[in-house]
Amino acid sequence: MKRTHSATEMNTGLIGQEVVLNGWVNTRRDHGGLIFIDLRDRSGLVQVVFSPEVDTDAFHLAEQVRSEYVVAVCGAVRERPEGTENPNLVTGKVEVYARELLVLNRAKTPPFYIEDGIEVDEVLRLKYRYLDLRRPEMKHNIMMRHRVVQKMRSYLDERGFLEIETPILTNSTPEGARDYLVPSRIHPGQFYALPQSPQTFKQILMVAGMEKYFQIARCFRDEDLRADRQPEFTQLDMEMSFVDEEDIFTLVEQMIAEIFQAAGQQEMALPFPRLTYEEAMAKYGSDKPDLRFDLPIVDLTEVLRDVEFKVFASAIAAGGVVRAINAKGCASFTRREIDDLGRMAVDNGAKGMAWIIVGDDELRSPITKFLTQEQIDGLLASLDAKPGDLLLFGADSAPVVARVLGFLRLELARRLDLVKPGQLKFCWVLDFPLLEYDEEEKRYVAVHHMFTAPRQEDIPLLDENPGLVKARAYDMVLNGTEIGGGSIRIYQREVQEKMFSTIGMSSEESQERFGYMLEAFDYGTPPHGGIAFGIDRLIMIMAERQSIRDVIAFPKTQSAACPMTGAPSDVKAKQLRELSIKIREK
RNA sequence: GGAGCCGUGGUGUAGCGGUUAACAUGCCGGCCUGUCACGCCGGAGAUCGAGGGUUCAAAUCCCUUCGGCUUCGCCA
């Protein structure tokens, strides 16, 4: 009873033909004298009919069959009788009249329904992930993921990229996320680290003359989990020699377009719009702006330069900014709703939130009495305020205002339901600062990473004012999620050493950690750069899911555990001894 | 490390000081030859995440704890 077809191959073209199907019993409908079984395989469903008029043995066996039994069915494909077609099934015009039934395996009743849209405790789904993955929507996600990865491989292969694997057992890196460590048995007391990314290896591959590299790379970061963060995740990692930013943008925009097309989405307009980091922060309050809706943040610092209102005046005097969002048509918000937004603003670091309701012929606001008519006219004009609008203000340092208004912008979009399903809004964010000052560590730290090249003209600034140096880094943002990021790299030893020292790394330490890399740079290193895409996040958006767990076959819970295997778990004392590891009492 | 929400038959929910712990679905049995969320009849199934406390009485109130999800910190 080897299968001859998959379920969804059943169509009117096969009418009259004998077929053998293998699969699972999705549902059984027993009418006493006639039994219907929806047979499911990876492709989908087809209805199988058991009638005593066709075969009594098969019919009686079908009475015994239950959900999720694995069966083989042999029978003829027939057109369904007039009026019994099912338009909800691709195979709804036909059915298979079973002549023979073989139960390949029985099955216990599953703990949840094998169907879409179930609302079950996710732990249960993860514990029985093999059942969860039988559900069409999960199967769809996994299959889409496969198609996307295959497309990435073929696209890059066609353009001369080499797929090269890099070590999983490697060195711990300073900076960045917490490492997952692996104890060395052979070197007691020493540890490997799992890679947070293949960064240094891919650069070394450029020194090695590979010119174009990619890898579907697993990355590991031991940090707290979120809906879009898992301790291990997958990146499409790429690196190229002799390229600049434009080469990379062109290459990956085209790739993204083809990937989305392969997944059945609409064609997209290329090239993607570009924003500088500063623009993104000022206008959208985020370095990963969601461009599916407008709601821009408008700067009013100049309009209100001489304002008397103390809250605004002191913010401006301290070198800060006053900015606002026009919540179009939100004048009808209740006082309670506005206070609610104000509370959220405070939660995000604001000292308060001023507002103006634009009425038909008057303004309602606790602050207008502190403003001159000229200032009011100015801000209304800047915000394009019309009767029915609600204006929300932030006044503080630029970063605080960006954070607060950026949050309010997203919250307003949620409340106003501005995001329509299926929209895809890409953009590049460019000109990130290379370094930022870390108050805790009392030193500069790399915004991207320490191998990112500064803009050539900014190199002198590394000494004078490191905070002003711009990086040759870029992020690709889709619908408010960072899906990829990369940079042109440092490829000269002196610049790299300068970078190390600027972030406070002693030459001893940089020699110890990255001596091999500095040495490699001495042996003819081409200029190079690259980018990496978060495949899980990308697929999550493509599949319109709220969590990357839904596009990973075997994800972890928020406490980084696997309910199916029970990982992580205790190990035998012998294993610990071999590793020279002793578990400390709490 | 912090905050919020959740935990009641297999599953999803209701009940929120005294109930034979309810409903739906699933499951089991019976009937049924055109269903596809098949239908009809009957039945089994939970001591309410765990531990402690308050009370004459706790699923219900309090404390602790475990687990899950969301989120801040964190994630170059």
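To find a chain, count down the sequence lines: A is the first, B the second, and so on, and within it residues start at 1.
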Show every donor-acceptor pair shorter than 3.5 Å between a side-chain atom in residues 396-407 of chain A and any protein atom, with sequence neighbours excluded, or say none if there are none.
unit_1	atom_1	unit_2	atom_2	d
A:Asp396	OD2	A:Lys351	NZ	2.8
A:Arg403	NE	A:Asn348	O	3.2

Point to revise | A:Glu79, CD atom: more than 12 neighbouring heavy atoms under 6.0 Å | key: no

Review point. What integer distance in Å separates A:Ile35:CD1 from B:C36:P?
Key: 16 Å

Point to revise | Rounded distance in Å - OH (A:Tyr128) to C1' (B:G10) | key: 9 Å

Review point. Should A:Thr557 be listed as having a side-chain N or O under 4.0 Å from OP1 or OP2 of B:G68?
Key: yes

Check your understanding: What does A:Arg403 touch in the nucleic acid at a heavy-atom separation under 4.0 angstrom: a base, only the sugar-phosphate, or nothing?
Key -> sugar-phosphate

Check your understanding: Which is true for A:Tyr113 with a 4.0 Å heavy-atom rule: it touches a base, it touches only sugar-phosphate, or it touches nothing?
Key -> base

**Study point:** Within 6.0 Å of OH in A:Tyr192, more than 12 heavy atoms from elsewhere
**Key:** no

Practice item. Quick one: label A:Glu53 by what it contacts on the DNA or RNA (base, sugar-phosphate, nothing), any heavy atom closer than 4.0 Å. Key: base

Check your understanding: Are there more than 12 heavy atoms of other residues, nucleotides or ligands under 6.0 Å from atom NZ of A:Lys139?
Key -> yes

Practice item. Do nucleotides 1-8 of chain B as a string where each nucleotide becomes B, S or -: B if the base has a protein heavy atom under 4.0 Å, S if just the sugar-phosphate does, - if no protein is that close. Key: B-------

Check your understanding: To the nearest angstrom, how far is A:Lys556 atom NZ from B:G67 atom C1'?
Key -> 17 Å

**Study point:** For atom CG of A:Leu225 and atom P of B:C72, their distance in whole Å
**Key:** 13 Å

Review point. Who pairs with A:Tyr180 by ring pair (Phe, Tyr, Trp, His ring centres under 6.0 Å), at least two apart in sequence or on another chain?
Key: none

Review point. Using a cut-off of 4.0 Å on non-hydrogen atoms, how would the nucleic acid contact of A:Gln47 be classed: base, sugar-phosphate, or nothing?
Key: base

Practice item. Send over the distance from A:Glu95 CD to B:U35 C1', rounded to a whole Å. Key: 10 Å

Review point. Taking NZ from A:Lys93 and C1' from B:G34, how many angstroms apart are they, rounded to a whole number?
Key: 18 Å

Point to revise | Salt bridge present between A:Glu494 and A:Lys498 (N-O < 4.0 angstrom) | key: no

Exercise for review: Could you tell me whether the side chain of A:Arg537 and the main chain of A:Asp228 form a donor-acceptor pair under 3.5 Å?
Suggested key: yes

Practice item. Indicate, with a heavy-atom threshold strictly under 4.0 Å, whether A:Arg28 touches base, sugar-phosphate, or nothing. Key: nothing

Practice item. Take atom CD of A:Glu223 and atom C1' of B:C74, then tell me their distance rounded to the nearest Å. Key: 5 Å

Exercise for review: Describe the nucleic acid contact of A:Leu124 in one word from base, sugar-phosphate, nothing, applying a heavy-atom distance below 4.0 Å.
Suggested key: sugar-phosphate

Exercise for review: Ignoring hydrogens and angles, answer whether the base of B:C75 and the side-chain atoms of A:Arg221 contain a donor-acceptor pair closer than 3.5 Å.
Suggested key: no

Exercise for review: Rounded off to whole Å, could you give me the CD-to-C1' distance for the A:Glu68 and B:G26 pair?
Suggested key: 13 Å

Review point. NA contact type, A:Glu82, heavy-atom cut-off 4.0 Å: base, sugar-phosphate, or nothing?
Key: nothing

Review point. Under 4.0 angstrom, heavy atoms only, what part of the nucleic acid is A:Asp222 near: base, sugar-phosphate, or nothing?
Key: nothing

Practice item. Counting Watson-Crick and G-U wobble pairs only, both distances under 3.5 Å, name the nucleotide matched with B:A3, or none. Key: B:U70

